[in-house]
Amino acid sequence: MTPTLAGVLQALALVAALALSYRPLGDYLAHLLSSPKHLRIERVGYRLMGVHPDHDQPWLGYLRSVLAFSAVSVLFLYAFQRLQSHLWLSLGFPAVPAPTAFNTATSFVTNTNWQSYSGETTMGHLVQMAGLAVQNFVSAAVGVAVAATLIRGFARSRTDRVGNFWVDLTRITLRVLLPVSVVFAIVFVASGMVENLHAAQQITGLAGQTQSIPGGPVASQEVIKELGTNGGGFYNANSAHPFENPTAFTNWLEIYLLLVISFALPRTFGRMVGDNRQGYAIVTVMALYWVVSAILMTIAEWRHEGSALQAAGAAMEGKEVRFGIAGSTLFAASTTLTSTGAVNSMHDSYTALGGGLTMFDIMLGEIAPGGTGSGLYGMLVLAVITVFVGGLMVGRTPEYLGKKLGGREMKFASLYILTTPAIVLIGTGTAMTFKAEWSAALNGGPHGFSEVLYAFASAANNNGSAFAGLTATSTWWNTALGLVMLFGRLLPMVFVLALAGSLAGQQPVPATAGTLPTHRPLFVGMLAGVVLIVVGLTYFPALALGPLAEGLK
Amino acid sequence: MANPLATLAKLHLTGLRVLLVFTVLCGIAYPLVIVGLSQALLPGQANGSLVRQNGQAVGSGLIGQNFTLPASGPSAAPQPDPKWFQPRPSAAGSSGYDASASGGSNLGPNDPGLLKSVQQRRSAVAAFDGVDPAQVPPDAVTASGSGLDPAISPTYAYQQVDRVAKARGLDPQRVHQLVADHVEGRVLGFLGQQRVDVVTLNLALARLG
């Protein structure tokens with residue numbers, strides 16, 4: 001079998017698996033986000049938490065709960081890392097330094113999982129499993145919860161209530177993330193991932209060299225790292241590490257897990273607004289970008305442009321033999337188009353155009369299919385923009401699913417799409433004005449600029465992958481990126497919740513002959529075009545200075 | 001409405017209680033259950049897939065290791081040992097394959113330093129294995145992403161057969177057969193690539209004599 005055919009089969013198998021999950025998982029999510037019934041164990045939980053599960057919140061109350069939960073989570077995780085040397089299973093590691101602890105706390109709470117530390121020499125097992133991995137669950141659930149409010153904004157009318165945050169959070173974690181994690185954790189262990197509470201074991205190798213083989217509850221953390229589109233590796237090398245990704249099968253399964261929820265959520269949307277065709281339209285645009293990106297990236301890596309890669313004969317620098325080119329690029333495209341940011345190969349060593357594509361994927365704003373929840377709400381905001389543009393063309397007030405998109409709605413949508421690029425470009429510009437900060441880049445010339453741009457794009461879009469040559473461990477970098485992650489996560493959520501509240505309060509207007517149908521190929525094409533124009537115009541100058549300059553040299 | 005400060009404090013207290021519930025559930029109970037199940041049902045894998053020689057653990061079947069000669073001096077660079085199949089170059093730690101410092105080189109595709117390393121490795125590997133430099137496969141001159149890649153391409157493994165056989169005084173035919181027995185195909189026929197796991201191969205080689 002040729003590598004091309006194998007690569008195509010691998011992608012087709014993935015598409016088939018995702019297509020099979022689309023309806024059951026999407027319908028299940030729609031059910032649990034709409035059902036008034038609570039499980040008995042959930043009722044016990046609500047009593048322990050002190051929340052009233054039957055009181056829906058207005059958007060501002062929902063937002064306050066999201067912000068309060070995030071604030072408490074950051075403080076808790078920060079304190080946990082600072083105190084780790086006094087806790088069990090610290091493996092003798094000292095307290096995490098303050099700037100790193102701040103950066104890591106914001107990173108995991110915002111579903112970014114940018115890592116300015118090296119897992120095997122910084123974090124004890126207890127911080128990993130009871131600190132970081134807990135955020136892997138709940139930060140993913142927060143994303144889905146916020147997406148649920150936007151769906152309800154379309155589905156409900158003449159109400160100021162958009163849902164109950166604590167109930168959404170609990171149900172998504174308890175009924176989806178946890179059960180799926182249990183099943184696949186066992187599959188992962190059976191495939192070779194480690195799952196223990198040991199410190200590193202010292203062994204003497206065959207040729208007499210000593211080696212320290214690390215331990216840890218890796219498999220249990222690995223599942224939720226992918227399923228929740230988190231991406232924070234247990235070890236420094238992330239999913240390139242043989243203990244985090246031992247075989248080509250686990251590699252495929254990890255890609256599936258990091259895509260599955262985000263690709264099923266459009267079904268949830270279609271279901272809850274009472275028209276499955278709306279879901280198909282959204283998922284088509286997501287799939288379009290994902291497929292094209294994966295194909296282009298694979299071609300770029302197969303062509304291995306670049307003096308060093310040409311000399312080597314293939315783009316194998318930073319890639320593992322067991323995955324090969326196609327297994328690496330499929331992972332890279334999927335991890336950057338969702339907000340996962342796990343890596344099974346080093347993006348910094350990709351060809352200029354392949355690496356540029358990983359960056360472009362992130363800059364799309366994590367919408368194809370995006371992070372759990374954040375992908376759907378990001379795409380829906382762009383759909384709102386698209387409907388608005390369509391309305392401008394024919395000169396009438398646009399409406400989407402019966403909801404009028406007036407000045408108030410468009411202000412929130414515009415603020416949403418302006419926030420992240422502003423953070424990325426201001427951050428990159430600031431870093432480039434300080435020689436001490438941009439000299440943290442490992443590579444020189446345009447590739448060094450790419451490392452800085454990638455860092456800010458990754459942090460602001462809550463991706464978390466890196467052109468890892470950048471040594472972002474100084475106090476300046478830890479603080480700057482920590483703040484960027486917080487703003488990049490929470491500000492868009494504010495605008496999404498405000499939009500949801502505004503939509504939910506409306507009385508739906510009946511569709512007329514002048515209404516733009518939002519389930520037809522025409523709309524799919526328009527939405528895909530709007531995504532490209534918004535992102536392209538925003539980032540083209542920055543991309544021209546980095547990957548394009550390098551690739552066209 | 002009550003004192004806004006008190007409302008705010010109450011809200012954060014709720015947040016903390018929710019977080020603690022999930023910490024116990026997802027952060028303690030869940031991993032401990034998985035550790036327990038794994039240790040009971042799959043202890044080999046759960047503890048690192050260790051491979052043993054004479055009952056002694058000599059490595060993990062999943063993690064590559066160095067096969068170098070003892071350093072001739074404190075500052076001398078370690079030299080590859082001709083008696084063993086050699087893994088890929090590694091950027092993990094100062095001398096490679098340091099499993100407590102996993103990672104790649106992160107050098108860009110046009111990096112002059114990387115270009116120079118690739119060229120040097122190509123001539124060094126060709127001279128070491130006694131082959132034409134043009135034949136040396138890409139995996140022999142590039143570092144992996146983890147720095148712990150246990151595998152090499154079948155091409156690179158076969159290229160090393162004559163050198164290993166000569167150094168050990170073995171019949172090249174036997175060593176060739178050993179490599180052939182250790183070539184692993186794609187998973188399910190289409191996932192990943194063909195490869196040879198170096199640690200497993202060298203362990204079998206040691207048993208051969």
Side-chain angles (χ1 to χ4, degrees), chain A residues 6 9-10 45 48-50 68-69 72-73 120 129-130 134 137-138 185 189-190 192 194-196 203 205-207 209 211-213 217 220 235-237 240-242 246 248-249 252 306-309 311-314 316-324 327 345-346 348 351 443 447 468-469, chain B residues 11-12 14-19 21-23 26-28 31 34-35 38 42 45-49 57-60 62-63 65-67 81 84 99-100 102-104 106-111 114-115 118-119 138-139 141-142 144-146 148-151 153 186-187 190-193 195 202:
Chain A
L9 284 177
Q10 169 184 252
L48 289 171
M49 299 169 187
F69 186 64
V72 168
S73 294
E120 49 265 67
M129 66 187 218
V134 173
F137 282 94
V138 293
V189 177
V194 296
E195 181 72 15
N196 58 56
I203 55 113
L206 281 165
Q209 278 85 12
Q211 198 177 30
S212 95
I213 306 284
S220 53
Y235 304 119
N236 188 47
H241 197 292
F249 169 69
W252 183 88
S307 55
L309 302 181
M316 283 305 287
E317 182 71 23
K319 298 193 182 70
E320 307 287 299
V321 166
R322 63 191 180 284
F323 309 143
S345 49
M346 297 303 144
D348 211 344
T351 60
N443 290 275
H447 199 80
Chain B
L11 184 63
H12 285 79
T14 306
L16 183 63
R17 285 169 72 172
V18 173
L19 181 63
V21 168
F22 283 121
T23 300
C26 306
I28 311 257
I34 303 295
V35 168
S38 313
L42 302 155
Q45 289 96 323
N47 293 319
S49 306
V58 290
S60 162
L62 294 172
I63 294 204
Q65 48 181 262
N66 278 323
F67 292 91
D81 188 338
W84 300 103
S100 56
S102 63
N106 287 311
L107 293 169
N110 294 296
D111 186 80
L114 179 60
L115 174 62
V118 166
Q119 286 164 339
D139 58 300
V141 295
T142 50
S144 65
S146 63
L148 306 174
D149 196 340
S153 63
R186 293 192 174 92
V187 180
F190 64 93
L191 294 176
Q193 349 184 69
R195 68 198 189 283
N202 276 336

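Because the structure is predicted, anything quoted here is derived from the model rather than measured. To find a chain, count down the sequence lines: A is the first, B the second, and so on, and within it residues start at 1. For the numbers below, each heavy atom of this structure counts, side chains included, while hydrogens, waters and symmetry mates do not.
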*Would a 4.5 Å heavy-atom cut-off, applied to side chains only, mark B:Arg195 and A:Phe323 as touching?*
no

*Please examine the side chains of A:Asn443 and A:Asp348, heavy atoms only from C-beta on, and report whether any two atoms are closer than 4.5 Å.*
yes

Quick check on [X] against chain B: is it the side chain, the backbone, both or neither that has a heavy atom closer than 4.5 Å?
X: A:Phe249; value: both
X: A:Gln211; value: side chain
X: A:Val138; value: side chain
X: A:Gln10; value: both
X: A:Ser212; value: both

Partner chain A: residue of [options] with the largest heavy-atom pair count (under 4.5 Å):
options: B:Leu42, B:Val141, B:Asn110, B:Leu114; result: B:Asn110
options: B:Asp139, B:Ile28, B:Asn66; result: B:Asn66
options: B:Ala151, B:Gly192, B:Pro31, B:Ser146; result: B:Ser146
options: B:Gly59, B:Gly103, B:Gly48; result: B:Gly48
options: B:Ser38, B:Pro150, B:Gly104, B:Ser144; result: B:Ser144
options: B:Thr14, B:Leu107, B:Asn202, B:Asp111; result: B:Leu107

Considering non-hydrogen atoms only, spot the tightest contact between [X] and [Y] and give its length.
X: A:Ala248; Y: B:Val187; value: CB-CG2, 3.9 Å
X: B:Pro109; Y: A:Leu309; value: CB-CD1, 3.5 Å
X: B:Asp149; Y: A:Glu320; value: OD2-CA, 3.3 Å
X: B:Ser49; Y: A:Gly192; value: OG-O, 4.2 Å
X: B:Thr23; Y: A:Ala130; value: CG2-O, 3.4 Å
X: B:Pro138; Y: A:Met316; value: CB-CG, 4.4 Å

Choice from [options] maximising heavy atom contacts with chain B below 4.5 Å:
options: A:His447, A:Lys319, A:Met346, A:Glu317; value: A:Glu317
options: A:Ala240, A:Ala312, A:Gly205; value: A:Ala312
options: A:Gly324, A:Gly327, A:Ser307; value: A:Ser307
options: A:Ala190, A:Gly45, A:Pro217, A:Ala185; value: A:Ala190
options: A:Ser73, A:Pro246, A:Pro242; value: A:Pro242
options: A:His241, A:Arg322, A:Met129; value: A:Met129

Please flag which part of [X] lies under 4.5 Å from any non-hydrogen atom of chain A: side chain, backbone, both or neither.
X: B:Val58; result: both
X: B:Val35; result: both
X: B:Ser60; result: both
X: B:Asp81; result: neither

*Any chance you could measure A:Ile213, atom CD1, to B:Ile63, atom CD1, to the nearest 0.5 Å?*
5.0 Å

_OG on B:Ser100 to CG on B:Leu148, rounded to 0.5 Å_ = 9.0 Å

*Checking B:Gln65 side chain against A:Leu206 main chain: does a donor-acceptor pair fall under 3.5 Å?*
yes

*Pair B:Gln193-B:Ser153, side-chain donor/acceptor within less than 3.5 Å*: no

